[in-house]
Amino acid sequence: MSDQIRITLPDGSVREYPGGVTGLEIAAGISEGLARNVLAASVNGTVQDATRPITTDATVKLLTWNDPEGKATFWHSSAHLLAEALEELYPGIQFGIGPPIENGFYYDVDLNGRHFSQEDFKKVEDKMLELARKKQEFVRKPISKAEAVDYFEKKGDPYKLDLLERLDDGTITFYTQGNFTDLCRGPHIPNTGFIKAAKVMNVAGAYWRGDEKNKMLTRVYAITFPKQKELDEYLHLLEEAKKRDHRKLGRELELFAFSEKVGQGLPLWLPKGTMLRERLENFLRRAQVRAGYSPVVTPHIGGKSLYVTSGHWEKYGKDSFKPILTPEEGEEFLLKPMNCPHHCEIYKTKPRSYRDLPLRLAEFGTVYRYEQSGELHGLTRVRGFTQDDAHIFCRPDQVKEEFMKVIDLVLYVFRSLGFEDFSAQISLRDPENREKYIGSDDAWAKAEDAIVEAAAEKGLRTVTELGEAAFYGPKLDFMVRDALGRKWQLGTIQVDYNLPDRFELEYTGSDNQKYRPVMIHRAPFGSLERFIAILIENTGGNFPLWLSPDQIAVLPISEKYETYANDVFLALQERDVRGYVDHRDEKIGRKIRDAEISKVPFMLIVGEKEQAEGHVAVRRKGEGDLGSMSIDDFVELFRAEVSQVGQAV
RNA sequence: GCCGUUGUAGCUCAGUGGUAGAGCACUUCCUUGGUAAGGAAGAGGUCACGGGUUCAAAUCCCGUCAACGGCUCCA
């Protein structure tokens, strides 16, 4: 151990230390402050305990709260602290897993039927902090599998034993802090004293190992911080995010509603929401016409045999809405869960030539799917929704080019609406579970290659997920987050070599032979409902001018100017400006306040002066008075802003 | 579907065994006003629904439905 080792630090400097030096000691040599804040150490790219000796030359980064790995380590250790607290409060409970997550951590526990709810949160938090103040060290101990099994058999924890079964002897470690010992690969923070603030967020059920055949454990979600102030800030941030929740804003801005009588997951679009939705539809319709799409319309139901042919009946029939029947003949029809089978039938209405391809059929198609009741969520997960669907029928040699054109369209849509923060996900087959999918290996391989290449050529930053493909083909999804950080899929592009086979679609090639086209399913919004939900949360309800349900509110100072207010409104309406006149018997301050709360972009105040000059006093929401101007000047100002985003819709 | 929590006026919420409340919104009247809440009066609830316990249930118990937070699922 007396041999010197060379440690390379992130700034490129190299220092010599005695072999066996720890991250903590290196930190102490740099500054006392750093030593106080070191949570873990990255040694040659592997995160490990800051207290673990380093025995060879290495590149070392000392991790603090400001590093994602530091945070993860902090929260992982906090999960152990949570477990320790729970065990003290509820002796005899058993533990599943307790990982860090994006915001905090959780621990799955089997409370053996014991009750645990919000009233107990405070007690757990207090216990956690009480234990944290003891500055208990996290002690790492390599242990043989036999000893580990023995420990948990004595303790009576079936979940840990289940975990141990899949671990190899020689790789197993225990971590102990205070009276709590856990099977854990680590790493951990030096001691519990770093944890100064703790909050149990909520509890939820979670199946052991995520399998619904297994027992449901209680998942306790919590978050901790090195400073109380940071917890306060986090809670404040959460409060702010809740204000942007589309379910809240949807009600407040009168965009949509639900009715128990209509049914859960079946949104009712109110006039203002419909206005917004129609602007979006028109926006995409125009873009699609430019991109060579042909709009079509198909019925909301289709004969069962259509879905037998498509394969959807086999795959989803048993857990869908049941077929509806004709009264006399008993013929079965399905509420359409997809538009693609209908579009395939449109393809088949006449013989197609290679010259006709690509054929791009687009439809705002409303579909109905039986989503499990516990899954429904505002507008992001519903049972009836409208896809901005289109199916591109093309020759195999056109797949990649068409795919790239769709990527362009999706990016155009996202850019126009200010969606900067999205990620792209390529979903491929699960290589270990191929019977889940229909279609030949060869077709799948071709489709997967086409997607990967197209995404790469478009320079998309993508993550690839195995096993996330649709049952009929791989896909490229565009993912965004809602106000509370949950991830949702919006735009999607899917290659399908399968449906053309099932529907026996054909085209005649230049050699007069019959060929099979390839289908691309695509939806830039995904569904209008989900897209609008995310748009509401992204904008906080402050929609761009071209989308605002009400773009202006004409506010007469008093009844005397009502006629003039109506004249102003009519003149603007003729120039395609949307809004209303506030005729209520209220003072101007009140009318302004209400228009501001309704998030109307422009308020046009008219009184004696304006009437005399034929002007309007313009007030911009959130900004204030812009001064008095003629109606023509206002329209110019208005149109400049609308065309700024390129969307005179 | 599963686990947990919740359900009182259009909205936000008080009320924990003894005749259903507040603020905002709504209606009417007064007020005719200059850039974020003028005043007064009024109307509005089978306390989600269905059972049960009790002299008495919004309140306690059981069931159903729905919403919320997760899990599983998501063509």
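Just so it is clear: chains get the letters A, B, ... in the order the sequence lines come, proteins before strands, and each one is counted from 1. The structure displayed is predicted, hence computed values, not measured ones.
- Between the base of B/G4 and the side chain of A/Tyr221 there is no donor-acceptor pair shorter than 3.5 Å.
- Side-chain rings of A/Phe225 and A/Tyr234 approach one another, their centers coming within less than 6.0 Å.
- We find that A/Lys336 and A/Glu363 are joined by a salt bridge, their nearest charged nitrogen and carboxylate oxygen being less than 4.0 Å apart.
- Here the C1' atom of nucleotide B/C74 and the CD atom of A/Glu465 are 15 Å apart, to the nearest Å.
- Geometrically, A/Arg620 engages A/Phe602 in a cation-pi contact defined by less than 6.0 Å to the ring centre and at most 45° from the axis.
- For A/Arg381 and B/C73, a side-chain-to-base donor-acceptor distance below 3.5 Å is present, hydrogens and geometry of angles not being considered.
- In the model, A/Thr492 has a side-chain atom that pairs as donor or acceptor with a side-chain atom of A/Gln494 under 3.5 Å.
- A close approach under 4.0 Å does not occur between any side-chain nitrogen or oxygen of A/His377 and OP1 or OP2 of B/G70.
- Nearest to the side-chain atoms of A/Val203 among the listed nucleotides B/A67, B/G4, B/G1 stands B/G4.
- Side-chain N/O atoms of A/His246 and A/Asp482 include no donor and acceptor closer than 3.5 Å.
- For B/C2, neither phosphate oxygen OP1 nor OP2 lies less than 4.0 angstrom from any side-chain nitrogen or oxygen of A/Gln372.
- Side-chain N/O atoms of A/Thr218 include none lying less than 4.0 angstrom from OP1 or OP2 on B/C3.
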(message) Counting primed atoms plus P, OP1 and OP2 as sugar-phosphate and everything else as base, spell out the protein contacts along nucleotides 32-37 of chain B at 4.0 Å heavy-atom distance: B, S or - for each nucleotide, 5' to 3'.
(response) BBBBBB
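- In this structure, B/A48 and B/U64 make a Watson-Crick or G-U wobble pair, each of the two defining distances being under 3.5 angstrom.
- The stacking criteria are not both satisfied for A/Phe471 over the base of B/A75, which would need a centre-to-centre distance under 5.5 angstrom and an angle between ring planes under 30 degrees.
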